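Scroll down for the structure; my scribbles are underneath it.
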Protein chains: 2
Amino acid sequence: MTDQRQRHPRPDRALARAVEASKAPAISRAAAVLRLLGKSDAPLGLQSIARDLGLVPSTCLHVLRALVAEEFVSIDPDTKRYSLEAGVLTLARHWLRRNRFTDLAQPVLDRIGQSFDVTVLGVHIVGLDHLIVVAVSQSGQNFQLSTQVGSRFPALISATGRCIAAFGDHSEAELEARFRTLRWDEPPTFDDWRVQVSQTRVQGFAVDAGNYISGVTVVAAPVWKTPGKLSHALVAIGIGSALKRRGLPALQDALVPAARTLSNQLCGE
Amino acid sequence: MTDQRQRHPRPDRALARAVEASKAPAISRAAAVLRLLGKSDAPLGLQSIARDLGLVPSTCLHVLRALVAEEFVSIDPDTKRYSLEAGVLTLARHWLRRNRFTDLAQPVLDRIGQSFDVTVLGVHIVGLDHLIVVAVSQSGQNFQLSTQVGSRFPALISATGRCIAAFGDHSEAELEARFRTLRWDEPPTFDDWRVQVSQTRVQGFAVDAGNYISGVTVVAAPVWKTPGKLSHALVAIGIGSALKRRGLPALQDALVPAARTLSNQLCGE
DNA sequence: GACCGCCATTCGATATATGAAATAGCGTTC
DNA sequence: GAACGCTATTTCATATATCGAATGGCGGTC
């Protein structure tokens with residue numbers, strides 16, 4: 001469900017590039033360490049971290065010590081194993097505190113989720129690379145469709161992806177390159193997908209009928225924080241068969257105006 | 001260097017020390033930037049950040065660019081103002097996902113919160129410096145006593161502080177030094193406090209009857225993840241008068257065994 | 001009980017991140 | 001419309017963070 005790139009075999013090449021380019025490489029390394037610790041199920045030792053990221057152990061140690069000092073990482077003094085520390089929660093709280101989208105979206109998500117018995121997400125579109133779930137309303141019944149705040153997904157996947165392709169202004173070439181990297185349960189062809197994107201542009205919302213996950217229908221409606229630059233979306237996720245019975249059109253008719261209202265509220269101020 | 005200090009009354013001195021000591025100063029700077037952006041209500045410009053933290057603008061720019069590249073910070077391309085980005089949420093989610101304390105504590109908090117109509121927190125004790133709220137159960141009624149996951153408090157404040165003083169093994173001198181820096185609504189004398197700490201050690205839990213916040217009673221019970229090293233606590237917060245009526249003893253009798261059970265679950269693995 | 005292997009950690013030379021000053025952009029004022 | 005004050009940004013010498021090798025420590029094995 002999450003995007004977990006399994007890139008263990010070889011030391012992180014993306015990190016190498018980031019370090020090369022940046023004038024503060026220690027920060028890229030620190031970020032890589034945090035993400036690695038985040039992905040890992042168990043605390044990790046210095047060597048293991050250094051190996052995975054292709055870092056020199058001594059440098060890695062410096063990074064870890066700095067992160068420990070800043071309370072983003074904790075070290076077990078006995079085993080010398082490192083893991084994420086609660087300090088990261090504090091940052092997240094601050095982000096949530098000053099984020100109008102989450103505040104405004106939450107009641108809307110809850111209302112739609114309850115009415116249609118679907119899981120509804122508010123997502124933040126970071127770029128063409130991926131999006132982040134920033135608000136969730138889990139309907140009581142559907143425990144199968146579980147997602148958490150903070151989850152990352154490839155930007156162009158599923159219904160949201162069609163919205164991003166339709167309303168963000170990205171070059172066709174770039175879109176296709178990205179599209180080729182996606183993994184779907186039942187992948188559409190690029191041509192099919194382009195047609196669906198065009199349709200999305202016309203009708204103002206997107207539907208993914210089982211492409212991303214078989215049997216699961218996803219509806220996404222775009223939200224703008226500033227006119228012209230697509231930044232968020234509302235996403236409803238439900239079992240395809242259930243939605244067919246209980247009215248996909250009605251769900252669309254709830255989601256789209258909600259997204260529009262949110263856009264107005266966000267732009268207005 | 002010196003005249004910089006004079007011009008800007010409070011360029012973060014703690015940061016200066018951290019940078020001095022660390023072998024990865026960029027990371028300390030990055031953390032300081034993240035925290036500053038977290039605290040700030042509005043996006044900040046480069047100069048403003050550099051001034052507040054006592055950083056050279058060019059260095060600060062490098063830090064910010066690295067943080068933007070890592071998606072912990074976003075920049076508004078028009079105004080060149082920086083703010084926290086949703087990437088910090090992803091780290092927080094990973095922390096929460098692999099944290100057994102929050103998982104185990106949440107249902108317990110909810111049960112106690114509902115039974116006694118109090119706000120109940122699970123806190124993670126980072127050290128003598130502070131603790132972090134990692135789980136919350138907000139009872140329906142008490143909107144006054146609002147706290148969020150990720151909030152930080154001084155470690156020795158209120159009832160939790162008495163637990164930490166009682167069960168963490170810290171030197172008397174250190175405790176007193178820290179104690180002197182605390183701010184209470186109705187501060188106890190150090191001697192009073194020491195007596196209360198002794199009492200806490202004996203009875204296995206602590207009560208703060210309006211010292212921290214006037215009229216608010218706080219009960220805290222210690223939780224150990226590893227024997228000997230106090231790491232967490234359960235904290236119940238309620239209006240003093242209401243608790244008096246509805247049985248503070250009963251609340252204690254619920255909280256303390258719950259904390260003990262949690263300790264066993266966490267230690268047992 | 002001494003060896004071995006693996007790990008975290010220290011140490012010193014060197015590539016490089018940093019900081020002061022210079023430059024470039026941008027909105028405001030006169 | 002030019003000049004000002006403010007901002008972000010680039011430049012480039014130098015203090016310093018980084019790297020690789022050497023050290024120290026711990027647990028397991030024979």
Side-chain angles (χ1 to χ4, degrees), chain A residues 11-13 15-33 36-37 40 42-70 73-83, chain B residues 1-8 11-13 15-34 36-37 40 42-70 72-83:
Chain A
D12 201 325
R13 184 174 286 188
L15 172 58
R17 254 183 285 118
V19 165
E20 203 86 20
S22 164
K23 298 224 170 137
I27 295 174
S28 304
R29 284 189 265 257
V33 167
L36 179 66
L37 292 176
S40 163
L44 298 175
L46 171 63
Q47 297 283 353
S48 155
I49 298 168
R51 255 196 307 272
D52 276 11
L53 300 176
L55 295 180
V56 172
S58 60
T59 302
C60 191
L61 183 63
H62 295 148
V63 170
L64 283 166
R65 288 226 247 251
L67 289 173
V68 168
E70 301 299 337
V73 166
S74 68
I75 177 172
D76 181 324
D78 300 328
T79 65
K80 302 297 176 73
R81 292 273 157 87
Y82 298 86
S83 46
Chain B
M1 210 69 154
T2 28
D3 40 2
Q4 247 184 1
R5 288 235 169 94
Q6 284 168 347
R7 264 181 301 171
H8 314 305
D12 199 326
R13 183 172 286 189
L15 171 57
R17 253 184 285 116
V19 165
E20 204 86 21
S22 164
K23 298 231 170 125
I27 294 175
S28 304
R29 285 189 265 258
V33 167
L34 289 174
L36 178 67
L37 291 176
S40 162
L44 298 174
L46 170 64
Q47 297 282 353
S48 154
I49 297 169
R51 256 195 307 272
D52 276 9
L53 299 176
L55 295 179
V56 171
S58 60
T59 301
C60 191
L61 183 64
H62 295 147
V63 170
L64 284 166
R65 289 226 246 250
L67 289 172
V68 168
E70 301 299 337
F72 293 136
V73 166
S74 68
I75 177 171
D76 181 325
D78 299 328
T79 65
K80 302 296 176 77
R81 292 275 154 88
Y82 297 87
S83 47

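Every chain is numbered from 1 and lettered A, B, ... according to where its sequence line falls, protein lines coming before strand lines. All values below were derived from every heavy atom in this structure, side-chain atoms included, with hydrogens, water molecules and symmetry-related copies excluded. Note that the coordinates shown come from a computational prediction; the quantities given were computed from them, not determined experimentally.
Distance check: B:Thr79 OG1 to B:Asp76 CG gives 3.5 Å after rounding to the nearest 0.5 Å.
Considering only residues two or more places apart in sequence or on other chains, A:Arg65 meets the side chain to side chain contact (heavy atoms under 4.5 Å, CB included) condition with A:Leu61. For B:Ser83, the side-chain hydrogen bond (donor to acceptor under 3.5 Å, both in side chains) test picks out B:Ser74, with sequence neighbours left out.
Pairing each heavy atom of A:Tyr82 with each of A:Leu37, the nearest pair is O-CD2, 3.5 Å. In this structure, A:Pro77 and A:Lys80 approach most closely via the heavy-atom pair O-CE, 3.4 Å. The two residues A:Gly45 and A:Arg81 make their nearest non-hydrogen contact at N-CD, 3.4 Å.
The side chain of B:Gln47 places an N or O atom within less than 4.0 Å of a non-bridging phosphate oxygen (OP1 or OP2) of D:dA8. One finds a side-chain N or O of A:Arg29 lying less than 4.0 angstrom from the OP1 or OP2 phosphate oxygen of D:dT18. Under 4.0 angstrom from either OP1 or OP2 of C:dC26 there lies no side-chain N or O belonging to B:Lys80. Checking the phosphate oxygens (OP1, OP2) of C:dC6, no side-chain nitrogen or oxygen of A:Arg51 falls inside 4.0 Å.
When rounded to the nearest whole Å, the span between CG of A:Leu46 and C1' of D:dG20 equals 14 Å. Rounded to an integer number of Å, the gap from CG of A:Leu44 to P of C:dC7 is 12 Å. One atom, NZ of A:Lys23, and another, P of C:dA15, lie 18 Å apart when rounded to the nearest Å. At whole-Å resolution of the value, CD1 in A:Ile27 and P in C:dT16 are 17 Å apart. One can place CD1 of B:Ile49 at 13 Å from C1' of D:dT7, the figure rounded to the nearest angstrom. In this structure, CG of A:Leu55 is placed 13 Å from P of C:dA8, rounded to the nearest angstrom.
DNA chain C is contacted by both A:Ala24 and A:Ile75; A:Ile75 maps to the nucleotide lying nearer its 5′ end (nearest heavy atom per residue).
If you run side-chain contact (heavy atoms from CB on, under 4.5 Å) between A:Ile27 and each of B:Val33, B:Val63, B:Leu64, only B:Val63 comes through.
Only A:Ser58, A:Thr59, A:His62, listed by number, bring a heavy atom of residues 57-66 of chain A to less than 4.0 angstrom from any atom of DNA chain D.
Ranking C:dA17, D:dA8, D:dA17 by closeness to the B:Pro25 side chain, first place goes to D:dA17.
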